[in-house]
Amino acid sequence: MTATDSIAELRTAVDQAARTLRGGEPTSPEPSLERPPKPELGDYSSNAAMLLAAPLGESPRDVAAQLCAELERELGPSDSIGRLEVAGPGFVNLFLSDAWYRRAMERLGEAGDALGPAPIDSPERVLVEFVSANPTGPLHVGGGRHAAYGDAVVRLLEAVGHDVQREFYVNDAGGQIERFASSIAAAMTGSEPPEDGYRGDYVTELAERLRVEGVDPAKLDAVGGRGVALILEEVRATLSRFGVKFDSWVSERDLYERGAVDAALAQLEQGSHTYRSDGALWLRTTEFGDDKDRVLVRADGEPTYLAADVAYHLDKLERGFGRLIDVLGADHHGYAPRLRSAIAALDTDADVLETLIMRLVHIVEDGERTQMAKRSGDFVSLDELLDDIGVDAARWFMLWRSHDTTVDLDLELARRESSDNPVYYVQYAHARIASILRKAGEGAAEEAVTADAPTPETALEPAEKELVKRLLEFPDEVREAAARRGPHRICAYSMAVASDFHAFYRDCQVVGAPGEGVEQSRMALCMLAKRTIAASLGLLGISAPERM
RNA sequence: GCGCCUGUAGCUCAGUUGGAUAGAGCGUCGGUCUACGAAACCGAAGGUCACAGGUUCGAAUCCUGUCAGGCGCGCCA
């Protein structure tokens, strides 16, 4: 028994009715069951008749009338349907009875905290790789967006039943590490950093720390190694403060050291997707749709970043993951086709790889976009942002827009502790419910949800019905958000729940409500709303406070 | 030049397996505390869904083209 049953039941009934009209054949695409734009149009509506009109060769409204008759038969003996109407171009609108709502609430209560969708039929082992920022400096707000997004996507995928792991790929090999090392070494000896080197206060601080530790600035390997280790420590600390915990960290350098890169190259050569030209080893990625072939091993014998990344992705596959999700920055989107090609060249379906492209975060203050931190003059670090607006607001404002669009993070709005600030608005609703339930007394609310309460004689208020319908949307919202990798949908949904709750609270007295069973029924509804808000915020990694 | 992404209210954005009069937040203007949290609620103003064609009962959504913006097109990572 899952919380979706009430909706699923209706959907099945519509489906069945449509099937009957077509002599048993299923309708394609599936008929919709959605909440119509206006309350006069019923509680739910379906477009089934419009879909059936063409194959049946009849007018949509005629089909709709037949469908209504069929639905009456389908749901007739029960008391759930108030009435059915044909409207507009051929919509079938369903008006549901209080009994239907009461039953829906009971089922939600039975579900307890398991409000999400039923586990999907074919769960996958998924590896989500995200952040993977170069270990040459502290995490910036951009990395923070990757972290918030990747983490929320993992939570969503888990919520629908996948087996998911979070991974951070550490690019601790290659040219940028050498530049990083020479930059620190230069700061240690007081000389000029290299042309394309790293600057900023943190480099000076690292230099000082290494000097104290007695690291020899002439030994670049040691300087780089220690520098990376210290940066990684800091990155971990920042992520942990942000509430993001990776299950695994894979080092690029380690891939080289254990021969994974050579092995991957050998496998590619064996598959004869490579060739030599101008002294370099090339991967024929054009065979798989890339615009040009790519170098795997340079003429000087050094493997490219791509070579290591092929080895890395091969390693992911060998660990048994059936789906690989890479969260990439917008400036890396051109990289995706080669990676797909490489995977295809390894005789694996390239579709196991999914690349999600993240756009930038702009920090907005005083109506102006800025990326610079005031103090350090460097890019705004995630830590500075967290100092300023806190973890919950930071996560919210990084998640409430699609990953596909740049985010303008308005610091003044994010700092505000009022309903202007959507994250406080949602959290406030949760705290307000908690307060109401406290008022009712310990355990009274739990009891209201679970006990067999007498059915109230008074009819449900419109605001109560709206709230119930909203709560019933939760499983579909989670499914949809997970399928589209779109946690921002959950932000919008949680605002809607909060808004519907406030409307309910305005119209309906809870504690001390007159009428037998009314108080109990409304307390149960409060409890259900509270659980749903907590679950929604939980998917975003945001806390649901009992008091504010 | 080629490729990917984007163009919806004053601002920032939701809204794609095609559905009814296109939504939210902020901002602006105006109202509401003798019921359980006013950190709230209600209302108003605000739109040629970039533009032009096409597909059909129906298009912000699908197709084609144009314009504008972002990003990418390394033997960098």
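Within every chain, numbering begins at 1; the chains are lettered A, B, ... in the order of the sequence lines, protein sequences first and strands thereafter. All values derive from a computational prediction rather than experimental measurement.
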When you compare the protein's N or O atoms with those of nucleotides 23-33 of chain B, which come within less than 3.5 Å of each other, and at what distance?
from, atom 1, to, atom 2, distance (Å)
rG27(B), OP1, Arg416(A), NH1, 3.1

Checklist entry - Is there a donor on the side chain of Asp331(A) or the base of rA77(B) sitting less than 3.5 Å from an acceptor on the other? => result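 Side chain to base: no pair below 3.5 Å.
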Looking at every strand, decide which applies to [X] at a 4.0 Å heavy-atom threshold: base, sugar-phosphate, or nothing.
X	result
Ser45(A)	base
Tyr425(A)	sugar-phosphate
Asp278(A)	base
Lys38(A)	base
Ala492(A)	nothing
Cys508(A)	base
Pro36(A)	base
Phe91(A)	base
His332(A)	base

Next on the checklist: Ring centres under 6.0 Å, that's the criterion: do Phe501(A) and Phe504(A) meet it?
Outcome noted: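 Under 6.0 Å, so yes.
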Measuring only the [atom1] atom in each nucleotide, how far is [N] from [M]? A whole number of Å is fine.
N	M	atom1	result
rG43(B)	rG65(B)	C1'	44 Å
rG15(B)	rG25(B)	C1'	15 Å
rA24(B)	rA44(B)	P	11 Å
rG7(B)	rA50(B)	C1'	6 Å
rG1(B)	rG47(B)	C1'	36 Å

Checklist entry - Should the ring pair Tyr305(A) and Tyr169(A) be called parallel, tilted or perpendicular, given that the plane angle runs from 0 to 90° and is split at 30 and 60? => result tilted
Checklist entry - Using 30° and 60° as the class limits, which term best fits the ring planes of Trp396(A) and Trp400(A): parallel, tilted or perpendicular? => result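 Tilted, since the angle between the ring planes falls between 30° and 60°.
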Checklist entry - For every nucleotide of nucleotides 2-9 of chain B, 5' to 3': is a protein heavy atom under 4.0 Å from its base (B), only from its sugar-phosphate (S), or from neither (-)? => result -BBBS---
Identified pairing partner of [N], criterion: Watson-Crick or G-U wobble below 3.5 Å:
N	result
rC73(B)	rG1(B)
rA24(B)	rU12(B)
rA38(B)	none
rU55(B)	none

Next on the checklist: Using modelled atom types and a 3.5 Å cut-off, is there a donor and acceptor pairing between side-chain atoms of Arg83(A) and backbone atoms of Leu94(A)?
Outcome noted: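 Flag not set: sc Arg83(A) to bb Leu94(A) has no pair under 3.5 Å.
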Checklist entry - Does Lys439(A) put a side-chain nitrogen or oxygen below 4.0 Å from OP1 or OP2 of rA35(B)? => result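 For rA35(B), neither OP1 nor OP2 has a side-chain N or O of Lys439(A) closer than 4.0 Å.
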Next on the checklist: Among residues 47-64 of chain A, which ones have heavy-atom contacts with RNA chain B below 4.0 Å?
Outcome noted: Asn47(A), Met50(A)
Next on the checklist: Any residue in residues 168-181 of chain A with a heavy atom nearer than 4.0 angstrom to RNA chain B? Just list them by number, or reply none.
Outcome noted: Ala173(A), Gly175(A), Gln176(A)
Do any N or O atoms of the protein come closer than 3.5 Å to N or O atoms of nucleotides 58-61 of chain B, and which pairs are they?
none

Item to check | Whole angstrom value for the distance that separates C1' of rC75(B) from OH of Tyr275(A) | outcome: 12 Å
Protein N or O to nucleotides 43-50 of chain B N or O, pairs below 3.5 Å:
none

Item to check | Contact check, side chains of Val153(A) and Pro487(A), non-hydrogen atoms, under 4.5 Å | outcome: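 Touching, per the 4.5 Å side-chain cut-off.
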